[in-house]
Amino acid sequence: MRYSALKVFAQALTGNKGWKPVWREPEPKAEYDVVIVGGGGHGLSTAYYLAKEFGVTNVAVVEKGWLGSGNIGRNTTIIRSNYLLPGNEPFYELSLKLWEGLEQDFNYNAMVSQRGILNLAHNDPQRDGYARRGNAMLMAGADAVLLDEDGIREMCPYLDFDNARFPIRGALWQPRGGTVRHDAVAWGYGRGADQRGVDLVQNCEVTGFQIENGVCMGVETAKGPIRAKKVAVCVAGSSGRVMAKAGMRLPIESHVLQAFVSEGLKPTIPGVITFGAGHFYVSQSDKGGLVFGGDIDGYNTYAQRGNLPVVEDVCEGGMAIMPMIGRARLLRMWGGVMDMSMDGSPFIDRTHIDGLYFNGGWCYGGFKATPASGYCYAHLLAKDEPHPTATEMRLDRFRRGHMIDEKGVGAQPNLH
Amino acid sequence: MIINHPLLGPRDASEFTYLGDASLIDRPDWQTDNAQELFHEYLYLRDNPAGEHRELWFHEQGDRSWLVVTRSTLTHEITKVELARDVAISRRRDE
Amino acid sequence: MSTSNRLNDGLIDRSRPMSFSFNGKIMGGFEGDTLASALLANDVKLVARSFKYHRPRGVFSAGSEEPNALVELRTGAHQEPNTRATVAELFDGLEATSQNHRGSLKYDLMAVNDWLSPFLSAGFYYKTFMWPKAFWEKLYEPAIRASAGLGRLSMEVDPDTYDHGFLHCDILIIGAGPAGLAAALTAGQAGARVILADEDFRPGGRLNSETLEINGAPGHVWAEQALSELNALENVRVLTRTSVYGAFDHGIYGALERKTDHLADSSGKPRQVLWRIYSKAGILTAGATERSIAFGNNDRPGIMLSGAVRAYANRYGVAAGKRISIVTNNDDGWRTAIDLTAKDVEIAAVIDTREGSPKAVIPGASIVMGGRIVDTRGRHGLTSIALSNGQNIPTDCLAVAGGWSPNVHLTCHQRGRPVWRDDIAAFVPGEDLPVGMRVAGAANGTMTLAAALRDGEDKAITVLGDLGFSATSPLDLVAQDEPSDIEAFWHVKESMGRCFVDLQNDVTSKDVSQSHLEGFRSVEHLKRYTTLGMATDQGKTSNVLGLALMAATSGKSIEETGTTVFRPPYSPVPIGAFAGRSRGEDFRPVRHTPSHSWAKDQGAIFVETGMWLRAQWFPKPGESHWRESVDREVTQTRNSVGVCDVTTLGKIDIQGRDAADFLNKVYANGFAKLPVGKVRYGLMLREDGIVMDDGTTARLGENHFVMTTTTANAVSVFRHMEFCRQCLWPDVDVHLISATEQWAQFAVAGPKSRALLEKIVDADFDLSNEAFPFMGCAELTICGGTPARLFRISFSGELAYEIAVPTRYGNSLAEVLMQAGKEFDVVPYGVEALGVMRVEKGHAAGNELNGQTSALNLGMGRMVSKKKDCIGNTLSERDGMNRDDAVRLVGFRPVDRSAQLKAGAHFVSRGKSAITENDEGWMSSVAYSPSLGHSIGLGFIKRGHERMGEIVVAADPLRDAETDVEIVSAHFIDPEGERLRG
Amino acid sequence: MAKFTLQSRSALERYIMSFDGVTLKEVADFGLVSIAAPIGGEKKLIQAVKKSYGCDLPAVGSSDVSKNSELRMLGLQPGQWFAFFPHAGDDALSSVSEKLGMGGYYTDQSDSWAVLEISGERAREALERICPLDLHPTAFPKGAVSRTVMEHLGVINLRTGEDTFTLMSARSSAQSFLHAVETSIRNVI
Ligand SMILES: Cc1cc2nc3c(=O)[nH]c(=O)nc-3n(C[C@H](O)[C@H](O)[C@H](O)COP(=O)(O)OP(=O)(O)OC[C@H]3O[C@@H](n4cnc5c(N)ncnc54)[C@H](O)[C@@H]3O)c2cc1C
Ligand SMILES: NC(=O)c1ccc[n+]([C@@H]2O[C@H](COP(=O)([O-])OP(=O)(O)OC[C@H]3O[C@@H](n4cnc5c(N)ncnc54)[C@H](O)[C@@H]3O)[C@@H](O)[C@H]2O)c1
Ligand SMILES: Cc1cc2nc3c(=O)[nH]c(=O)nc-3n(C[C@H](O)[C@H](O)[C@H](O)COP(=O)(O)O)c2cc1C
Ligand SMILES: [Zn+2]
């Protein structure tokens with residue numbers, strides 16, 4: 001069913017009774033060309049692009065819960081391509097371009113809202129770092145603007161310019177950055193994949209891999225075994241525990257990132273604002289809630305919940321830059337389990353087991369990557385060679401000494 | 001969270017700084033033939049278990065002890081807390 | 001003042017009348033009122049507009065679960081959006097305004113949405129607004145955003161303050177209703193350390209709203225007695241106006257105490273205190289929340305929860321209407337009729353969805369058993385209800401009794417799942433409670449009074465036993481169990497008009513079925529597709545109804561359908577409260593250098609470096625641009641002598657028999673053979689071979705070293721060294737302690753530095769080049785016996801020293817150096833000049849040691865010893881870190897000497913365009929060199945060390961600049977190091 | 001030749017202030033010396049301390065007072081203690097090391113800390129607003145000592161009496177430390 005204003009109008013007149021399910025609820029077949037493990041953003045977009053761009057439609061996405069129950073359903077929805085390193089920046093810029101045409105492409109309004117992202121700088125070295133990054137962005141064909149204090153004041157007069165412990169000295173602004181209605185991304189990709197014949201199998205946990213003579217032949221699931229020519233894992237926060245079933249240890253730890261939403265407020269801030277002298281970033285959802293977050297809790301966990309020190313730290317950061325939010329109430333806090341990699345950058349790669357592929361290590365930044373990750377993973381699965389923007393995202397890069405460490409904090413995931 | 005410090009009793013986790021898997025105690029021998037590979041595994045690869053996890057916490061705002069905490073990554077329940085130095089010494093003896 | 005709906009009695013203080021205003025209209029109430037009770041007393045029915053359809057709405061509940069009656073409380077910077085009128089205590093002069101409407105509350109222009117509602121059904125926006133593409137940004141999105149949200153922030157700095165606090169107890173009891181009070185009495189009398197917290201300003205829970213009796217007295221009287229008994233116990237702390245908002249790991253609870261919200265003015269005290277409560281055990285006695293029933297137009301002002309109608313009558317002495325009807329599926333609804341009748345309030349009808357005989361005689365009311373309401377009327381307030389049997393009943397208030405849902409919220413904060421109980425038609429806490437938590441009373445599904453009291457007492461006895469206390473004597477409370485039979489009833493299918501499920505977000509029963517139709521069938525999909533339960537009330541009165549409807553549609557049981565995830569906070573908490581005092585200038589502590597007050601007197605400009613405030617430069621009269629000051633400071637230092645406070649560098653005192661070996665392992669370069677009385681530059685790697693930090697370390701004795709770290713890494717280096725000491729090499733005899741704060745340290749640099757120091761060191765110390773050469777160190781006395789340490793090290797490249805004295809003398813030493821140096825034209829310099837001189841000398845600093853660069857990149861590859869075990873040497877040998885085309889740190893100068901270099905520019909070869917493929921490196925630090933008279937830079941470029949003299953382009957598209965630069969040695973000044981050795 | 005002399009300053013200029021039920025004052029003129037025991041040398045050090053001061057090297061988390069009750073030995077971390085005593089000059093280090101001799105490693109900490117004493121019947125109520133430690137006498141009795149965090153500052157808390165606590169924090173942030181403790185008092189009084 002194609003969506004349009006006309007369709008909404010026609011349905012309204014007939015009591016909204018003629019809508020069709022966005023996806024079928026199929027039982028898994030015995031065998032597929034590709035089984036994608038994980039029905040999050042990346043799994044669904046991979047399926048979508050496999051079918052749409054590479055003509056591979058004999059595909060199943062196997063999801064242990066409901067579609068979009070993982071990090072795609074709980075992230076702070078920021079999209080941007082303001083990366084520094086050549087192993088990353090072209091990939092994220094590809095992703096941003098895909099976002100820009102996404103809704104027309106999959107006929108679903110995910111409310112891609114490009115109202116800009118503002119990274120505040122509070123000292124000279126930070127500003128120098130942003131300059132280096134802004135230039136890297138421009139050189140990769142992205143957009144970037146370096147703002148001075150006056151420029152920021154004009155854009156966000158309510159920031160604390162006068163009484164701040166760490167005064168605002170400048171900012172890197174990416175006008176094309178912004179937010180997207182996260183759940184709708186999963187639904188749009190899911191619907192698009194389903195329409196092209198992909199089986200989306202919910203409530204079907206993958207419990208093991210069928211590995212025979214070093215070749216992966218399929219998966220064991222809660223709904224029985226499924227054979228597959230290729231098994232493509234993209235389970236984000238569950239990467240460690242899933243790949244352990246294939247006997248693999250990964251350069252990944254699972255950590256919780258909390259996020260927060262305030263009660264609904266009339267328009268308060270445009271776009272995204274990030275604090276540079278503490279852990280706080282914020283945007284406003286289309287429902288009016290201030291959606292904000294900060295640092296990860298910092299300890300290994302698979303529980304989708306965090307603790308108070310980070311809650312306080314994040315709110316302190318918020319009050320430090322925008323003390324007018326003091327009387328806004330925090331409505332809900334939640335957590336998501338993230339696949340924190342050893343250098344803060346992701347993997348889209350084959351494994352040493354033939355037929356088994358891995359996509360993960362997205363840390364707190366994989367939402368923005370959803371389109372490109374799906375596109376590049378589909379490329380790898382269909383052609384068995386990496387997409388040109390994802391050649392560095394290899395599992396063996398630490399062995400070879402080719403880290404992609406944007407933050408420069410080394411092999412300690414909780415610092416990335 | 002609360003970490004029941006072996007010397008000081010229950011203390012808020014915010015006094016501590018987290019490092020990671022307690023296997024970081026087992027630093028490889030730099031002179032073995034495949035030292036580079038061993039160091040790669042030591043520094044980069046993780047069991048990352050869903051369940052019991054032995055991990056290193058530093059009591060930075062306390063007695064400056066490194067602790068090995070055994071904690072479930074599913075429930076956060078802590079079942080054991082040891083001084084890392086004791087753990088390190090006993091591992092050496094085991095070798 | 002008309003308080004037309006006031007009844008007699010109630011727990012308000014009629015001797016304390018108060019006036020308040022709503023939308024500018026001034027009205028009266030009493031102490032003990034909430035804004036909601038006072039509005040109802042004044043017959044104000046319409047108080048708000050719903051989120052999506054802008055439907056007129058009135059007060060729905062009498063507690064924190066309120067979905068409708070949200071107002072903007074107070075004015076100006078104190079304005080507080082989305083405040084529940086049902087918990088806002090009345091104070092004299094309170095001002096409130098309604099929110100979320102265009103035009104007046106009564107004639108809201110946005111109410112057109114209500115007429116358009118068929119087009120705005122669940123998820124409509126995902127299906128449209130996509131064409132033409134360009135319209136999204138310009139038209140659709142702005143329109144959607146403008147209509148989003150409820151209340152407005154003032155956009156002014158929050159003028160109130162907030163505090164944090166920490167409490168410890170054996171047992172935290174959450175909720176001071178009958179169950180909580182019974183538990184607290186039991187636990188308190190047994191001597192346990194007890195905290196009893198309640199959201200309400202008046203403890204007692206439902207006892208305040210009911211006519212039930214305990215020990216022969218009205219329940220609220222017993223509650224008062226219990227409370228004074230508890231207050232008399234030293235081991236019990238009662239916190240009212242305190243909501244426990246979350247249950248966190250290991251018995252930590254978060255609670256928000258509202259200190260001054262019930263006052264007109266906070267008088268400079270914190271408005272709220274956010275407590276972190278550490279408990280050994282918790283007893284949740286949070287009661288239950290009533291829920292609604294879905295029938296046609298069940299959302300009009302005047303339609304309220306039955307228990308709330310009772311609460312307004314019994315507790316606040318307010319009749320919620322003049323002619324009240326009740327619809328119920330359980331016995332509790334009847335009590336509303338009974339209590340109101342006793343207060344002479346006219347009851348129009350009692351409609352029980354169950355068949356059978358009436359549960360009470362209600363004079364004058366029509367009683368309809370097996371009744372169904374299909375529609376209601378009254379645009380701005382209820383006027384009548386229509387039943388399926390054709391009856392039309394004029395009524396201005398409808399009390400809805402859909403059953404009670406135990407407040408299981410906190411039992412689920414650690415991923416616990418509640419379980420369904422058919423007999424009470426409700427979810428009760430499951431087995432997987434937060435560690436240490438027990439649940440009693442209505443929260444546990446124990447819905448009736450006598451049983452709730454007993455449950456509270458029993459759970460307290462169990463917990464006491466677990467903690468090793470024994471209960472003293474039984475409470476022996478006498479109370480009755482009120483009738484509480486229920487037959488689940490959710491939805492009048494034959495309704496005319498929409499049946500609202502989530503009142504705030506305007507989710508209707510049709511949205512639920514449409515969600516099912518479109519495949520959003522899991523409760524979590526239902527929630528996200530329809531926004532059910534996502535409003536400020538988090539669906540407290542509506543979630544169970546919504547999922548019951550979903551269960552019915554999908555043919556599953558309610559148990560199978562399950563609930564969505566409960567998340568903190570139980571009731572919303574201001575962001576300001578979470579931040580506490582950490583805001584504005586108090587966001588983080590400030591660290592001052594020992595000479596801060598002297599520097600301030602000199603008019604220094606300060607800059608934040610981490611937590612430190614450091615003098616950036618010292619402007620002189622007549623200098624109008626910072627560069628003038630900095631150039632002067634550099635020039636004068638290089639020509640004569642300059643002084644700079646460098647205390648902020650980390651200092652670690654290292655002692656022990658194995659100290660030298662230890663340093664040899666934590667540093668990449670050798671330290672074992674450093675002689676006593678000498679300093680050496682040390683390069684510290686991370687295990688991955690990337691540079692972690694650098695600094696100088698002095699050997700003061702055979703077993704005694706002092707290490708310096710960079711300012712930024714002082715803490716992390718200390719932590720790392722403790723890790724090495726305790727975890728990697730646990731047998732070594734090495735002891736570390738920070739000495740950063742102990743010593744005030746000054747760089748004294750420049751050709752006259754020796755002459756200056758000679759004036760202050762005590763006579764016996766020989767400063768000559770022979771006696772105290774470059775890289776020497778010593779402990780000595782200065783200024784007549786003050787202990788000091790002297791290091792002959794140089795960051796500036798000049799003949800230079802660092803001198804340290806105990807911090808107490810730091811400020812004085814700055815003054816003395818200035819006095820003694822006057823004859824040499826001494827100059828104080830700040831971090832800016834320090835930075836210029838280090839760039840001139842080619843020293844790497846933070847911008848170069850950024851955690852991404854290896855010793856090889858920095859041109860120090862050869863320092864990494866291959867002959868010993870040290871942190872980082874093995875992995876620094878990986879191929880990827882030893883590529884031929886690796887970037888190298890070198891110097892850059894503009895071909896056109898008048899050009900200004902910019903840090904952050906990227907290098908491309910001449911003739912190549914500035915795109916990623918051609919990127920060869922970046923400029924990390926720049927400075928204007930007054931010594932050379934032009935701009936200089938340090939940067940990393942591929943194979944830089946082999947490209948001396950080559951001209952490349954520093955591309956800076958961000959600032960629209962491209963500058964030709966020449967690759968040169970990083971040592972712009974005195975490359976042979978003659979000055980510093982002189 | 002030295003015609004210059006250096007003036008000493010206390011961290012908080014000898015601050016003192018009384019509130020209703022609480023007194024807050026700077027403790028100045030003290031010596032604070034860290035003592036570490038060489039591995040294997042603990043016994044010897046304990047004997048030396050016993051002999052010189054008549055007190056124990058206490059367990060981590062507790063303190064012990066010297067025979068003449070002038071010096072307090074604080075157990076702060078395994079193998080490390082702080083000797084805390086009234087002392088005016090800048091030779092606190094040698095005054096300890098000379099007494100205890102070669103058996104330990106000593107580091108002067110006298111200038112590293114700003115020290116406040118908070119006392120009075122409402123002192124605990126004020127501390128409740130910043131100190132995460134359980135200060136109930138059963139959990140933190142007289143003589144107990146612990147490092148913790150208060151308002152982002154590391155603080156050593158030593159209980160010297162029923163209602164008297166000595167608080168030590170880094171000297172460089174003395175002003176923020178004082179502000180934090182003072183605010184806690186003002187917020188409750
Ligand atoms: C609080 C928070 C905020 C964030 N903010 C941002 C942001 O602002 N911008 C940004 O770019 N990124 C952000 N992220 C990161 C981003 O959400 C993730 O990187 C990204 O969603 C991960 O990819 P995914 O969508 O495929 O993961 P998921 O949605 O987590 O998908 C993985 C799926 O695998 C399923 N699965 C797991 N194990 C199995 C199994 N054994 N069998 C079958 N299925 C299985 C899971 O149930 C899950 O549905 C944030 C993350 C969090 C938690
Ligand atoms: N007959 C029925 O159908 C029925 C149903 C429900 C309740 N009741 C009545 O309710 C009472 C049950 O007693 P109870 O003590 O279990 O409950 P209660 O409702 O009397 O008391 C609960 C208290 O907990 C407080 N509270 C809730 N959540 C809190 C939080 N997070 N933080 C702080 N405070 C919080 C509330 O303000 C309230 O005062 C009995 O009187 C019973 O008669 C009857
Ligand atoms: C961008 C964004 C906006 C959200 N807005 C709301 C909101 O307005 N109301 C609400 O109750 N929850 C909101 N949530 C939180 C969700 O209810 C939910 O907590 C989150 O998706 C995690 O799922 P879980 O709590 O079921 O684990 C929002 C979440 C996100 C990611
Ligand atoms: Zn704080």
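So you know, we letter chains A, B, ... as the sequences are listed, proteins then strands, and number each from 1.
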Heavy-atom distances under 4.5 Å only: say whether [X] touches chain C with side chain, backbone, both or neither.
| X | answer |
| --- | --- |
| Ile25(B) | both |
| Phe39(B) | both |
| Glu77(B) | backbone |
| Ile78(B) | both |
| Thr75(B) | backbone |

Phe16(B) and Trp57(B) aromatic ring geometry - parallel, tilted or perpendicular at 30°/60° bounds: perpendicular
His59(B)/His5(B) aromatic ring centres below 6.0 Å: yes
Between Phe718(C) and Phe723(C), ring centroids under 6.0 Å: no
Does the pair [X]/[Y] count as a salt bridge with the N-to-O cut at 4.0 Å?
| X | Y | answer |
| --- | --- | --- |
| Lys866(C) | Glu877(C) | yes |
| Glu722(C) | Arg719(C) | no |
| Asp869(C) | Arg27(B) | yes |
| Arg91(B) | Asp26(B) | yes |
| Arg46(B) | Asp21(B) | no |

Interface residue of largest heavy-atom contact number with chain C, from Gln36(B), Arg64(B), Gln31(B), His40(B), under 4.5 Å: Gln36(B)
For chain C, the option from Ile89(B), Leu83(B), Val68(B), Asp29(B) that forms the most heavy-atom pairs under 4.5 Å: Ile89(B)
Report which part of [X] has an atom under 4.5 Å of a heavy atom belonging to chain B: side chain, backbone, both, or neither.
| X | value |
| --- | --- |
| Arg415(C) | neither |
| Gln414(C) | neither |
| Ile252(C) | side chain |
| Ile871(C) | both |
| Asp432(C) | neither |

Between Asp688(C), Asn873(C), Leu736(C), the one whose heavy-atom pairs under 4.5 Å with chain B are most numerous: Asp688(C)
Any donor-acceptor N or O pair under 3.5 Å, side chains Asn48(B), His53(B): no
